[in-house]
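What follows is a single structure, written as structure tokens, with notes after it.
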Amino acid sequence: MFITLEGIEGSGKTTQMQQLSTYVENRGHSCVLTREPGGTALGKKIRTILLDPASTELVPTAELLLYMADRAQHINTLIKPCLAEGKIVLCDRYFDATVVYQGFARGLDTGFICDLHRLILDDLKPEMTFLLDLSPRIGLARAWKQLDNGTRSGTESRFEEETISFHEKVRAGYLELARRQPERIRVVDGSQDKKQVQMDIRDALADFL
Ligand code: TMP
């Protein structure tokens, strides 16, 4: 089973993912925790370019293709082999992030992005996606706190440095995808207490497991 977690910066995905992975393993399922960009050795190098605030010259199409390159490597060398072994793959961000960040927020054509996904990535979709939704003002404040206290590296702040209106477009884009695909994308209130967010995710997953 392929499960993804999405949300704006500072939505708490990483913490929730780690807790979810422990929960799934404790229930006797073999589980792999991964992320995009950077789920493979090659992907880590691509991640450095993509999140470096010094990558100011990156044009939107090049950015899109770097995310797709990271994903091509990730799908073929990690996600598909793990799914074939019957493992549960938990992925921190995936294709929805590309539609939202490069499509809705940067303005690239979402039809073109979906065509690329179909043509080079076999249209591999998650069975279930959790969207941690919260206001960008709260999310960005949390994200900057992590950057300031060193929980997150300052060399990964390219998206945190985007304007609030960019992040509002990201949030609206995610909610639009959830409205279009309610059977796959579950919206969870990310402004709640961390424990409650985890409970909401587990409740939604219970039917699946
Ligand atoms: P994160 O690992 O902290 O979530 O950071 C990844 C950043 O990359 C985040 O700002 C969202 C962005 N991103 C895209 O713009 N497009 C994508 O396809 C993916 C996977 C992430």
Side-chain angles (χ1 to χ4, degrees), residues 2-18 20 33-40 42-56 58-75 78-79 89-110 112-117 120-121 123-126 129-134 136 139-148 150-174 177 185 190:
F2 184 25
I3 300 168
T4 60
L5 205 68
E6 300 278 356
I8 60 160
E9 338 305 304
S11 56
K13 290 179 292 89
T14 312
T15 314
Q16 295 300 334
M17 254 340 210
Q18 282 159 354
L20 188 61
L33 183 57
T34 186
R35 69 172 175 181
E36 289 193 0
T40 63
L42 188 105
K44 285 190 177 72
K45 294 182 187 170
I46 299 176
R47 180 180 174 96
T48 308
I49 302 170
L50 282 167
L51 302 194
D52 186 350
S55 297
T56 48
L58 207 53
V59 296
T61 330
E63 181 183 75
L64 167 69
L65 294 174
L66 284 171
Y67 278 110
M68 295 305 257
D70 168 73
R71 187 160 304 131
Q73 188 72 13
H74 195 204
I75 287 182
L78 192 133
I79 299 179
V89 176
L90 290 180
C91 190
D92 185 340
R93 295 197 189 278
Y94 183 66
F95 176 63
D96 294 318
T98 315
V99 175
V100 166
Y101 281 82
Q102 280 64 54
F104 286 93
R106 289 266 190 253
L108 294 180
D109 186 83
T110 52
F112 172 67
I113 296 173
C114 292
D115 284 348
L116 266 184
H117 191 248
I120 56 177
L121 303 173
D123 221 15
L124 179 69
K125 297 222 174 82
T129 297
F130 294 101
L131 169 59
L132 301 191
D133 177 59
L134 87 165
L140 281 177
R142 284 188 193 168
W144 275 106
K145 202 170 161 193
Q146 290 167 356
L147 286 164
D148 289 342
T151 319
R152 187 177 164 119
S153 163
T155 57
E156 292 205 341
S157 63
R158 194 165 69 91
F159 283 89
E160 281 78 359
E161 292 185 11
E162 290 286 348
T163 60
I164 196 87
S165 80
F166 176 89
H167 292 283
E168 295 283 6
K169 282 186 203 159
V170 171
R171 181 191 196 188
Y174 271 132
L177 290 188
I185 305 179

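Counting starts at 1 for both ligands and their atoms, following the listed order. Note that this is a predicted model, so its numbers are computed, not measured.
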**Request:** Answer yes if the side chains of Y67 and R93 hold a donor-acceptor pair under 3.5 Å, and no otherwise.
**Result:** no
**Request:** Name the orientation class of the two ring planes belonging to Y94 and H117 (parallel below 30°, tilted from 30 to 60°, perpendicular beyond 60°).
**Result:** perpendicular
**Asked** Any idea which of E6, E162, R47 brings a heavy atom closest to atom 2 (O) of ligand 1?
**Response** R47
**Asked** Is there a side-chain contact between C114 and F95 (heavy atoms, below 4.5 Å)?
**Response** yes
**Prompt:** Nearest protein heavy-atom contact for atom 18 (O) of ligand 1: which residue, which atom, what distance?
**Reply:** T98 OG1, 2.6 Å
**Prompt:** Which protein heavy atom lies closest to atom 7 (C) of ligand 1, and at what distance to 0.1 Å?
**Reply:** L51 CD2, 3.6 Å
**Prompt:** Which of the listed options, Y67, F159, Y94, holds the heavy atom that is closest to atom 13 (N) of ligand 1?
**Reply:** Y67
**ligand 1 atoms in contact with Q102 (distance to a heavy atom under 4.0 Å)** = 14 (C), 15 (O), 16 (N), 17 (C), 18 (O)
**Message:** Salt bridge check, R158 against E63: does any charged N sit closer than 4.0 Å to a carboxylate O?
**Reply:** yes
**Complete:** ligand 1 atoms nearer than 4.0 angstrom to some heavy atom of R71 are 18 (O), 20 (C)
**Message:** For the CD atom of E36 and the OG1 atom of T4, what is their distance to the nearest 0.5 Å?
**Reply:** 9.5 Å
**Complete:** If you compare E36, R158, E160, R152 by their heavy atoms, the one closest to atom 5 (O) of ligand 1 turns out to be R152
**Prompt:** Who gets closest to atom 6 (C) of ligand 1 by heavy atom: E9, K13, E156, R93?
**Reply:** R93
**Asked** Is a side-chain donor-acceptor pair under 3.5 Å present for E6 with Y174?
**Response** yes
